[in-house]
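These notes are about the structure you will find just below.
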Amino acid sequence: MLIYNTAKREKEAFIPLEDRKVRIYVCGPTVYDDAHLGHARSSVAFDLLRRTLTALGYKVTFVRNFTDIDDKIIKKMEETGKSLEEITSHYIQSYTEDMHAIGVHDPDIAPKATESIDEIITFIDHLMQKSCAYVIDDGVYFDTSRDPKYLCLSGRHVDESQNIARVEGSDQKRDPKDFALWKFSKPGEPDYESPWGRGRPGWHIECSAMIKKHLATDHEYQIDIHGGGADLLFPHHENEAAQSRCESGHYLARYWMHNGFVQIDGEKMSKSLGNSFFLKDALKVYDGEVLRFYLLSTHYRANFNFNEEDLLASKKRLDRLYRLKKRLGITSGSAVEKAFKARVLEALSDDLNISAALAAVDEMIQNANERLDVNPKDKGFKKEIFANIAWLTDLLGIGGQDPWRWFQQGIDETTRKQIETLIHERSEAKKVKDFARSDAIRDELHAMGVQIMDTPEGTLWEKSLS
RNA sequence: GGCGACAUAGCCAAGUGGCUAAGGCAUGGGCCUGCAAAGCCCUGAUCCCCGGUUCGAAUCCGGGUGUCGCCUCCA
């Protein structure tokens, strides 16, 4: 397995800290709002990483946190009058549902910041003992000057402090780059007791503390892979790395992976630009698996330009897989074709080269169709193809649904009956070669958004693309 | 201003020195079909521009141009 390591700006062979085991930590959402397409993309990307490593035989422990105490959540409390718990539990549930809808597996551990307060305080205490942190009016700060490797991860220059200087907080900071580990609370804000005063954790410290609590080893590196969106590289990941280095004397992660952005019309999707899309809204219009496949089909590091035209093209590509599955007409498989499996895994082993993997899938589909054209009743072959698709479902999270239902999504029972009646009528007309009548019925079905296909097994129908 | 990424057919998108530059969508032609649909076959690129290195470059180096991102909460 090759992984592009952001820390080194190049692809590297993946070597786990412990044989056959992989520890992955991915930065999760701050739960103050519903998940947007960017969360979906990031989740799908690291879900693919996890599934690929599992398919390659690694025992993967996958952790993704919830940031459930934060300035934005406090702002939401003020706006809505709701409690912290009400807000965060609602959005955690919402996020979890959305991820399920796009086929993202639950992490092995999903820690919350508020359930890790003790560990966070202990962590900060260690930093204080090592003189890597100091207390000023509004909180406890990390002293970046104490970390000689600070800025190594993101590759920034040390002398660019001007821009950072205007960051919130106190002018008592020793250096503009220093960041808050613990923020003292104002009256009415949710807070926790600490040796330095009541308050709440800073954003960066949460991840370091939770990694230490749930994943860290005693090796040179605490975990194997740390992932997140490209925007987290600086300052979030830089700060995490610095804290953990100073606190433990070990590096935080051996490999850093960052996914590219979802863009709308060539620009970053963001609330301030007003082009932000909630996943929930997209799911009202498109099937979760279609969205998953679409988001999956572009390499995780590339920026992703979301638009409906490409999404529909992507759905058609996925339809080919389901049409083949439908054609098999069986419900169990034999063994996966070795060459196919090897080719897909080889592609994904190259820093998750999904394009090459999907090309292999497309060719498998085409070869299967070709062979079934020649010999439609080859049961043994059908079982093999069925096994290929089932294997893909495990690996990529696609193709797992019933193929008949797949092509008839969103059709209610009444309409279904109506369609079947019309098809029956048309078959009768065809029997007596009344083609004018049968074509008229087909037109009628077409107007209803139904595509029909005459096969040796009878007339089948699909819901056509809008 | 500092740092970085990207630029391949109408669209999406692989390929990082060497056979005819993957794959999908769309387009056009064909097989099949009563006609369709589905499926299959065929159909398309001087790899942003200019220099350089090399026997040989989309691929490496230099210089342009363009697009985007980070530097502030951000997936």
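The sequence lines fix the lettering, A, B, ..., with proteins before strands; numbering per chain opens at 1.
Arg320(A) comes within 4.0 angstrom of the backbone, heavy atoms only, and of no base. Arg41(A) comes within 4.0 angstrom of no nucleic acid atom, judged by non-hydrogen atoms across all strands. Heavy atoms of Gly38(A) sit under 4.0 angstrom from at least one base atom. Heavy atoms of Arg9(A) sit nowhere under 4.0 angstrom from any nucleic acid atom. Using a 4.0 Å heavy-atom cutoff across all strands shown, Val262(A) reaches at least one base atom of the nucleic acid.
Across all strands shown, C25(B) pairs with G10(B); the Watson-Crick or G-U wobble distances both stay below 3.5 Å. The partner of U72(B), taking Watson-Crick or G-U wobble pairs whose two distances both stay under 3.5 Å, does not exist in any strand shown. Pair assignment for C55(B) gives G18(B), based on Watson-Crick or G-U wobble hydrogen-bonding distances that are each under 3.5 Å. Pairing of G39(B), defined by two Watson-Crick or G-U wobble distances under 3.5 Å, is identified with C31(B). Remark: A5(B) base-pairs with U67(B); criterion is Watson-Crick or G-U wobble with both hydrogen-bond distances under 3.5 Å. The partner of G44(B) is absent, by the rule that a Watson-Crick or G-U pair needs both atom distances under 3.5 Å.
By the 6.0 Å and 45° rule, Arg200(A) does not stack over the aromatic ring of Tyr192(A). Cation-pi geometry between Arg64(A) and Phe46(A) is not met: the NZ or CZ atom fails to fall both under 6.0 Å from the ring centre and inside 45° of the normal. A cation-pi arrangement is found for Lys72(A) relative to Tyr32(A), the charged atom lying closer than 6.0 Å to the ring centre and inside a 45° cone about the ring normal.
Residue Lys316(A) places its side chain closer to C25(B) than to any other of G39(B), C25(B), A75(B).
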Grab the N/O contacts between the protein and nucleotides 20-23 of chain B below 3.5 Å, and write none if there aren't any.
residue : atom : partner   : partner atom : Å
G23(B)  : O2'  : Arg317(A) : NH2          : 3.1
G23(B)  : O2'  : Asp362(A) : OD2          : 2.4

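Rounded to whole Å, the separation between the C1' atoms of G17(B) and A13(B) comes to 22 Å. Taking atom C1' on both A22(B) and G63(B), the two are 32 Å apart, rounded to the nearest angstrom. Nucleotides A58(B) and G2(B) have their P atoms positioned 33 Å apart, rounded to a whole Å. Remark: the separation of the C1' atoms in U53(B) and U72(B) is 44 Å, to the nearest Å. The gap from the P atom of C3(B) to that of G44(B) amounts to 46 Å, rounded to the nearest Å. Between G24(B) and U65(B), the two P atoms lie 38 Å apart (nearest whole Å). For the P atom pair drawn from A37(B) and G30(B), the interatomic distance equals 13 Å after rounding to whole Å. Rounded to the nearest Å, the gap between the C1' atom of G62(B) and that of C25(B) is 38 Å.
For Asn369(A) and C40(B), the shortest distance from a side-chain N or O to OP1 or OP2 is below 4.0 Å. Asn305(A) has no side-chain polar atom (N or O) that falls below the 4.0 Å cut-off from OP1 or OP2 of C12(B).
For an aromatic pair to be called close, the ring centres must be under 6.0 Å apart, and Phe261(A) with Phe304(A) fails this. Between Tyr25(A) and His226(A), the distance from one ring center to the other falls under 6.0 angstrom. Residues His204(A) and His237(A) keep their aromatic ring centres 6.0 Å or farther apart.
We find that CZ of Phe304(A) is positioned 16 Å from C1' of C68(B), with the value rounded to whole Å. Between Leu372(A) atom CG and A38(B) atom P the separation is 18 Å, expressed in whole Å. Between His258(A) atom NE2 and C6(B) atom P the separation is 16 Å, expressed in whole Å. Regarding Tyr4(A), its OH atom lies at a distance of 11 Å from the P atom of G4(B), rounded to whole Å. Gln263(A) places its CD atom 9 Å from the C1' atom of U67(B), with the value rounded to the nearest Å. Separating the CG atom of Leu328(A) from the P atom of A38(B) is a distance of 19 Å, rounded to the nearest angstrom. Between His237(A) atom NE2 and C71(B) atom P there is a gap of 13 Å when expressed in whole angstrom units. Look at CZ on Arg301(A): it is 9 Å from P on G15(B), rounded to the nearest Å.
Of the two residues near RNA chain B, His36(A) and Asn353(A), the one whose nearest nucleotide lies more 5' is Asn353(A). Comparing Asp310(A) and Ser154(A) by the nucleotide of RNA chain B that holds the closest heavy atom to each, the one mapping nearer the 5' end is Ser154(A).
Between Phe142(A) and Phe179(A), the ring planes lie parallel to each other; the angle is under 30°, not in the 30° to 60° tilted range. Ring geometry, Tyr95(A) versus Phe66(A): the interplanar angle exceeds 60°, so the pair is classed perpendicular (tilted spans 30 to 60°).
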Original post:
Which letter, B, S or -, goes with each nucleotide of nucleotides 30-37 of chain B from 5' to 3', with contact meaning a protein heavy atom under 4.0 Å?
Top reply: ----BBBB

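Using a 4.0 Å cut-off between charged side-chain N and carboxylate O, Asp47(A) and Arg292(A) make a salt bridge. Look at Lys11(A) and Asp350(A) and you find a salt bridge, because one of the NZ, NE, NH1 or NH2 atoms lies within 4.0 Å of a carboxylate O, short of that distance. By the 4.0 Å N-to-carboxylate-O rule, Arg442(A) lies too far from Asp454(A) to be salt-bridged with it. The pair Asp108(A)-Arg50(A) meets the salt-bridge criterion, with a side-chain N (NZ, NE, NH1 or NH2) lying under 4.0 Å from an Asp/Glu carboxylate O.
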